[in-house]
There are 2 protein chains.
Amino acid sequence: MSDAIRVLVLGTGQMGAGIAGLLLNKRGLELVGAFARRAGRAGIDLGQAIGLERDLGVVIDSDLEAAIRRCRPHIAIQATCSTVADAFGELSTLLEHGISVISIAEQMAWPAATSAELAGKIRQLAIDHKAGVLGTGINPGFVMDLLVVALSGVCFDIQSIAVTRTNDLSPYGPSVLASQGVGLSPEAFQAGLENGSVVGHFGFAESIHVIADAFGWDIDRIEETRVPILSSVARETPFVRVEPGRVAGCHHTAVAYRRGTPVITLDHPQQIHPEAEGLATGDRIEITGNPNVSLAGSPEIPGGTGTIALAVNMIPRLLNAAPGLYSMADLPVPAAILGDARSRLSSWPR
Amino acid sequence: MSDAIRVLVLGTGQMGAGIAGLLLNKRGLELVGAFARRAGRAGIDLGQAIGLERDLGVVIDSDLEAAIRRCRPHIAIQATCSTVADAFGELSTLLEHGISVISIAEQMAWPAATSAELAGKIRQLAIDHKAGVLGTGINPGFVMDLLVVALSGVCFDIQSIAVTRTNDLSPYGPSVLASQGVGLSPEAFQAGLENGSVVGHFGFAESIHVIADAFGWDIDRIEETRVPILSSVARETPFVRVEPGRVAGCHHTAVAYRRGTPVITLDHPQQIHPEAEGLATGDRIEITGNPNVSLAGSPEIPGGTGTIALAVNMIPRLLNAAPGLYSMADLPVPAAILGDARSRLSSWPR
C-alpha cells in the first residue's frame, strides 16, 4: 500500500496505543512510525510495546528527527502531553518538516487560550511549511464545544448555553484518579486544590473559546469552581478504595461571563462508580434561545474511545484543509472512516 | 454599511419571508434584494409583502437578471422550490454571475441523488464562475444527516444508524397537510399514495447519501414505506379537522441497504397534534457501533425556524469555501451568527 496516508504516532501510552491500534484497522491509512519520549522504549517493536501478541515491524524511536527521516509521514498524531508549552517542541519539529499534526493535548483544542504567542508561532510555522495543525479530543474538542456550535446553527438568537457531562472515572489509572482527588478526605481535597495536585477537568477555557469565537461573543471572564463529590457508600476500583465520607470525584464547573452576565456554563462532575448512588452518566446540551434546543444522551460518549476515534477520523479533514492552525469548529465535521480513508481526500496522492 | 455581505433572497413565501426577517437582524449581512416567481409580486416593497408594518426599501423583482443587476449580491438564498430540476434555472443564472447560492430546496441537500447530470452541471458552473453552492435545511440537511455524521466521528466502527424524528404538523398550511394526507380516510390516503398526491417526507434519499458518502459506504437500495397515522380522537387545526378513524398524518420510513443488510433507518412520523394521544415529539439518533452513541431531544428541533436559521448561519461558511458544490458535511459546522457576520470570513472585502 505504497500510496497510503502515512501516519506517525507520538506517544505509546494508553491513548497512543489506542490510536495505533485503530490505524491498523483502517484502509488507506498506514501506521509507519512511533515515537516515545522515554528513551527506554527506543528500539522496541510497537506491537510488543502496546500489548499486541505480534510484531508490527514498527520500531519505536525516541529521537523525533530520526523517526521522521525513517518513516517520512504525511501526518502525525500527538498523544504525548496536555499543554501547549509541552506540545510546542514536537509540533515545531514536525511542522518544519512539512508534516501536518493532529494533537490530543487538551490545550491544543484552542491554544490561544493558554498563549496567544505560542498559538501564533504554531500558525506561522504551519503556514510557512504548508502543513495543518488541529487540536481534538472528546472534551475539549467535541461534546462541550463542537456539538454546541453545530446545534447553535439552528438558532436565530442565543441567550445562554449549558452543558453537563457526568462521567465515570472507574476505568482510569492512578494519575487521573489522583488529579481528581479520588479517595482523599475532604480536607486533603481542599489542600490538593491549593497546592495544585487536585486539578479537576482540563479544557474548560478551550471549549469556551471555541464556542465564543464561533458565535462572535467576547467573554469578560471565566469563573471555575471545584467541589468534592463525597461518597455516602464505599466505592472501589482496582486502584483506589473510597470509604463513606471520603471523595469519590471532583465536580468541576466553569461559567463564562459576557457583559457581566453568565452565558456559558460547563458542568462536569467526574467520579468513580456514580451508579453506586443511583446517578446515571450522560451528556446534556441545553441552548436557551430562539428556538431552545436540548439534546442529551446516556451513558456519556466514552472519553478514551472517543478521543482516539476523533484523532484518526479527522485525518482526511485536516489533510484537505489549507495550511494553518485549526479548531474543530473550523473544519468539516469528523466522520467515521468506514471505507478507504483516501477516498475522503480531495486530491491524492499530493 | 457599504462593505456588508450583500444577500439576495429568492422566494417571498413563508421560508423566504423568514429568511429576509432574520437577515434584517444580523450585523454584517445586508438584505439587498428579493425575487419572487409570481409576476404579481413585482414592484411591491418586501416589507409589505412579508407582513412587516414598514417599507424596507427593497422592491421585489420577478426578473432574476434584473434583480442581480440592481442589487449586485455576493450571495443568494434560494427558497422558491423543492427539486433540483426546478432549482436549476435560477441556480444557473446566479452562478453565471459569480454569485454563491445557499438553497433550501430539499433535493439540493444532495443533488446527485436526483440527477448526477444536473449535479455535475451545477458543480461545473460553480467552479467556472468561482462561486459556491450549498443545500441546507433542518431535514434534509441537519437532523437526519449532519448530526449523524458528526456523532459518527467518535466511533471506531459502525454497524447501523437509526434516526427518528417525531414532529407536529399543526403549524403548517393546507398544502403541507394535504401532502401528508391529513384528514383523509384510510382508503383516500392509499389512493393518494398511488396517484402521488400523498408524498410524505421529501429528503430521505438525500440524507442517506450524505451519511453514506461521509462513511464511505456503498448503498444497494433504499426502501420506503408510508403508513397512515389513524387518529382515535378528534384533532383540529385552523386548516383541517380529523375525525376519529381518519388520518392524522403520515408515518414515513426509509431503510437503506448495504450488501443486503439494512444499515440506515430513517423514521419520520409526521402528524397534527401528536399530544392528543399522548405522543411526545422529538429527535433521536442511535448509532450501533463501537461505541454505541445515542442522543435525543424533545420537542423536536423546529423545522421552519431551523431551516431559516441554517440558511443564514451558513453564509460565512460558504463564502469561506473554495468554489464548488457542497453538502452540509463538506463544510465547517453551522454556527449561530451572534456578532458581526463579517468577522467569520477568512478574507473580506474580497
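For the numbers below, each heavy atom of this structure counts, side chains included, while hydrogens, waters and symmetry mates do not. Owing to the predicted nature of the structure, the values given are computational and were not obtained by experimental measurement. First the proteins, then the strands, lettered A, B, ... as listed; each starts at 1.
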Most heavy-atom pairs under 4.5 Å with chain A, out of B:Ala296, B:Pro291, B:Ser294, belong to B:Ala296

A:Val149 versus chain B, the contacting section by heavy-atom distance below 4.5 Å: both

Which heavy atom of B:Pro334 sits nearest to which heavy atom of A:Gly153, and what is that distance? CB-CA, 3.7 Å

Answer with side chain, backbone, both or neither: which region of B:Phe156 has an atom nearer than 4.5 Å to a non-hydrogen atom of chain A? both

Which portion of A:Thr305 sits near chain B, non-hydrogen atoms under 4.5 angstrom: both

Side chain / backbone / both / neither for A:Arg284 at chain B, heavy atoms under 4.5 Å: neither

If you count heavy-atom pairs under 4.5 Å with chain A, which of B:Val293, B:Thr136, B:Ile301 comes out on top? B:Ile301

Under 4.5 Å from any heavy atom of chain B, what part of A:Leu310 do you find: side chain, backbone, both or neither? both

As an exercise: rank A:Gly339, A:Ser343, A:Pro332 by heavy-atom pairs under 4.5 Å with chain B and give me the winner. A:Pro332

Evaluate side-chain contact (heavy atoms from CB on, under 4.5 Å) for A:Leu147 paired with B:Leu151, printing each intermediate quantity in order. CA-CA 9 Å; A:Leu147 276 185; B:Leu151 289 172; 4.0 Å; yes

Short side-chain to backbone donor-acceptor contact, B:Asn313 and A:Cys155, under 3.5 Å: yes

Which bit of B:Asp157 comes within less than 4.5 Å of chain A, counting heavy atoms only: side chain, backbone, both or neither? both

For the candidates B:Ala322, B:Ala309, B:Ala341, which exhibits the highest count of non-hydrogen atom pairs separated by less than 4.5 Å from chain A? B:Ala309

Per-residue tally against chain B (heavy atom, under 4.5 Å) across A:Ile138, A:Asn290, A:Val333 peaks at A:Val333

Using heavy-atom distances under 4.5 Å, tell me whether B:Ile287 contacts chain A through its side chain, its backbone, both, or neither. neither

Pairs of heavy atoms under 4.5 Å with chain A: top-ranked of B:Ser152, B:Gly297, B:Pro302: B:Ser152

Which portion of A:Ile158 sits near chain B, non-hydrogen atoms under 4.5 angstrom: both

Between A:Leu295 and chain B, which part of the residue has a heavy atom less than 4.5 Å away: side chain, backbone, both or neither? both

Can you list the residues of residues 207-216 of chain A that sit under 4.5 Å from chain B, counting heavy atoms only? A:Asp213, A:Ala214, A:Phe215, A:Gly216

